[in-house]
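Written below as C-alpha cells is the structure these notes are about.
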Number of protein chains: 2
Amino acid sequence: MLIRPPQQATLADLATHKLAQSIVTGELAQGQKLNEAELAERFGMGRGPLREALRQLEGLRLVKRIPNVGVRVVVLDRKTLSDLYAVREALEGMACRIAASQMSDDEIAQLAALLDKHEAQIAQQGGKLYAQSEGDLDFHYQIARGSRNQMLMDLLGSEQYQLLRMCRYRTSRNAQRTKPALSQHRQIVEALANRDGELAELLMRRHIQGAWRSISEMIDQEEREAA
Amino acid sequence: MLIRPPQQATLADLATHKLAQSIVTGELAQGQKLNEAELAERFGMGRGPLREALRQLEGLRLVKRIPNVGVRVVVLDRKTLSDLYAVREALEGMACRIAASQMSDDEIAQLAALLDKHEAQIAQQGGKLYAQSEGDLDFHYQIARGSRNQMLMDLLGSEQYQLLRMCRYRTSRNAQRTKPALSQHRQIVEALANRDGELAELLMRRHIQGAWRSISEMIDQEEREAA
DNA sequence: TTTGACAACTTTGTCGACAATCGGAGTTTT
DNA sequence: AAAACTCCGATTGTCGACAAAGTTGTCAAA
C-alpha cells in the first residue's frame, strides 16, 4: 500500500482507497461497469458511502460517470496515454529543474541510495517487476517532492501517479527497459548533485520520452496481436 | 456560466456547480466552513446529494475536508498561488508549443478575433473587469484546446482554471496589467501564426511569469495593508 | 425475419432517521 | 489563575427504504 494508508478514515475513504487499488492493479478491468449495490455489499457498507467514493474517484479520473446510467472504469487507450506522457514530460521536467536548486545534499544522497537498492532488486530479478515498477515511481515522486511545489506533488502524486501505475500493471511485462532506465536515473541524480537544473530537466524529459516510446511500441504490439 | 452548464444533471451535479460558482466568486469566503445541513436546505435537497457534491469539490481541490470535522473552502495563500503559476507556466508553455503545430489556420484566426473583441472591451472599460478577466481565461483555454491534449485541457480547464478564476476575483482590481497582457497575447498569436512553437512557448512562459509578478506584488501590498 | 412498442426488472437517485464523533461551555482540581 | 475533565449540543457519518430513470426481454405486427 504505497499511497495514502488511511489512518483515521471514514467508510467512504476506505472504499475510495480499495477501489483505486483494484482499478490500478487491473482487478477491475478497464471499461468495466461498477454496480453500487454489489460493491457496497462486498465492502460491507451502505450505498451512501460507496457513492461518495465513486464521486471522489471521478475527481481522480479513475472512473467515468454518466447520470442515471452508472460509472465505468476509465479506459487507457493510446491517445490518453500519449497525452499523459506529454504532460508528465512538462511537469517532471519542471520538477527536476527546480529540485536541482531546492533539494538538500542529504535528500539527493537518499535518492542515490534508492537507486542502489533499485539496482539490487534488478539483480535478483525474482519476477519482482512489480516492486521494481513501484520503485521507479518512488524515484519520480521523490523528485517531485524536491521541487517543494505542493501542487505539482498533488498532480503527479494523486491523479497521474494512479493512471501511471495502472499503465505499469498493464505493461509490466517489458523488463528490458529497466536497465537503461536505471542508467538514466543515475544521470539525473548526478545532474541534481551538480546543481545543474537545466541538464537535469533535459535528462528527465528524455527519460520520459524514452519510456513513452517503449510503452507505445508495446501498445502497437498488442494491437497487432489483437488483429 | 462559462463552465459546464449541466443540462441533464443530478442534484449532486447541480450542487457541485453552484458551490463551485460560489467559491470562485468569493461569495463563500476562503477558509469558510461549509455546513451540510444548512447548504442542503438552501439548495432544497437532502444531505446525500450535497455530500456527494462536497466529495467532488474535494477532488477539484476547491475545498479541504477533515474526517468527522467538516469541509472548508481552500485558502489561496501566497505559496499556493506561487505553485499554481509555476505549474501553469510549464503546462501552458507546452500547450503553446504543441498548438503551434496543431491548430488550424482558422482556429488561429479566431484567436486573433478574440483578442480584437477583447481590446474593444478594454476600450469601453465600463468597470467590466469581470468580463475582461473571463476573456483572458478564454484565450488561454483556446490554446490548451489547440494542443489537442485532452488531459492538458482537463487540468487547465477544471482544476487550475477554477483556482485561477478564484484568484482573479480576489485581485480583479488590478486593471493596469490588461494592456501589456493584451500586447503579449498578440505576440503569442503571431508566433502561432508563424508556426513557431518554440517562440510561442517562450512568450507564453514570460507572459505567465509577468502575471505572477503582478499578482505577487498585489499580495505584498495586501499583507502590508493588513499589518 | 425484422422492427416496433410495451412491460417488467434492474439500477441509480433521493430522502429521512439514527448512530458516532467532535467542539465548546462550564466545572473542578492543582 | 491555568490546566484538565466532563458533559451537552451540534455536526458529521451511516443506513434502509422509496422514487425515478434506464435497460432488457417479450410479443405482436409489418
Side-chain angles (χ1 to χ4, degrees), chain A residues 1 4-23 27-75 158, chain B residues 4-23 27-75:
Chain A
M1 220 82 45
R4 194 166 43 117
Q7 300 253 347
Q8 179 198 32
T10 171
L11 284 185
D13 293 322
L14 259 291
T16 302
H17 189 254
K18 284 187 188 174
L19 283 174
Q21 196 76 7
S22 295
I23 290 173
E27 189 182 329
L28 292 172
Q30 294 188 23
Q32 178 175 343
K33 171 122 187 289
L34 299 183
N35 183 307
E36 293 180 3
E38 180 192 325
L39 288 174
E41 170 142 20
R42 169 148 27 129
F43 293 154
M45 65 180 69
R47 280 205 306 136
L50 192 106
R51 281 175 63 85
E52 290 180 25
L54 291 179
R55 270 290 189 344
Q56 200 149 346
L57 289 175
E58 189 186 359
L60 293 175
R61 300 177 212 288
L62 286 175
V63 303
K64 288 276 183 199
R65 179 171 146 279
I66 304 175
N68 292 312
V69 175
V71 336
R72 312 188 84 91
V73 178
V74 292
V75 176
S158 65
Chain B
R4 194 166 43 118
Q7 300 259 346
Q8 179 200 31
T10 171
L11 284 185
D13 292 323
L14 258 293
T16 302
H17 190 255
K18 284 187 188 174
L19 284 174
Q21 195 76 8
S22 295
I23 290 173
E27 189 181 328
L28 292 171
Q30 293 188 23
Q32 179 175 342
K33 170 118 188 288
L34 298 183
N35 184 308
E36 293 180 5
E38 179 191 326
L39 287 173
E41 171 142 20
R42 169 148 28 127
F43 293 154
M45 65 180 68
R47 276 179 54 224
L50 192 106
R51 280 175 64 84
E52 290 181 24
L54 290 179
R55 286 276 179 184
Q56 201 149 345
L57 290 174
E58 190 186 359
L60 293 175
R61 298 175 213 288
L62 287 176
V63 303
K64 288 278 183 197
R65 178 172 147 281
I66 304 174
N68 292 312
V69 175
V71 332
R72 314 187 83 91
V73 178
V74 292
V75 177

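Proteins get letters first, then strands, A, B, ... in listed order; numbering begins at 1 in each. Just so we're clear, the structure is a prediction, and the values are computed from it rather than from any experiment.
Heavy-atom contacts of chain A under 4.0 Å fall on DNA chain D between two terminal nucleotides, which in 5' to 3' order are D/dG13 to D/dT23.
Using a 4.0 Å heavy-atom cutoff across all strands shown, B/Leu34 reaches sugar-phosphate atoms only and no base atom.
Heavy-atom minimum distance, A/Ala53 versus A/Ala12: CB-O, 3.6 Å. The minimum heavy-atom distance between A/Val73 and A/Ala29, with the atom names listed, is CB-O, 3.4 Å. When every heavy atom of B/Ala15 is checked against every heavy atom of B/Met45, the shortest pair comes out as CB-CE, 3.8 Å. The heavy-atom pair separating A/Leu54 from A/Val63 by the smallest distance is O-CG2, 3.9 Å.
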Should A/Asp13 and B/Arg55 be marked as a side-chain contact (heavy atoms from CB on, under 4.5 Å) after you check the CA-CA gap, both sets of side-chain angles, and the distance that decides it?
CA-CA 10 Å; A/Asp13 293 322; B/Arg55 286 276 179 184; 2.9 Å; yes
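You'll find the side chain of A/Phe43 reaches within 4.5 Å of the side chain of A/Leu50, heavy atoms only. In this structure, B/Thr10 and A/Asn68 have side chains that are not in contact, with every pair of non-hydrogen atoms separated by 4.5 Å or more. Residues A/Glu38 and A/Arg42 are in side-chain contact: their nearest non-hydrogen atoms beyond the backbone lie under 4.5 Å apart.
Counting heavy atoms of neighbouring residues, nucleotides and ligands inside a 6.0 Å radius, atom NZ of A/Lys64 does not exceed 12 of them.
With the end axes of the helix from C/dT1-D/dA30 to C/dT30-D/dA1 each set by five pairs, the angle from one to the other reads 20° at 10° resolution.
The interatomic distance linking B/Arg47 (CZ) with C/dA19 (P) rounds to 15 Å, in whole Å. Here the C1' atom of nucleotide C/dT11 and the CZ atom of A/Arg65 are 13 Å apart, to the nearest Å. C/dT12 atom C1' lies 13 Å from atom CD1 of A/Ile66, rounded to whole Å.
The distance from atom CD of B/Gln56 to atom NE2 of B/His17, rounded to the nearest 0.5 Å, is 11.5 Å. Atom CD of A/Gln32 and atom CD1 of A/Ile23 lie 9.0 Å apart (nearest 0.5 Å).
DNA chain D is contacted by both A/Val69 and A/Leu11; A/Leu11 maps to the nucleotide lying nearer its 5′ end (nearest heavy atom per residue).
Within residues 35-45 of chain A, the residues approaching DNA chain C are A/Asn35, A/Glu36, by heavy-atom distance under 4.0 Å.
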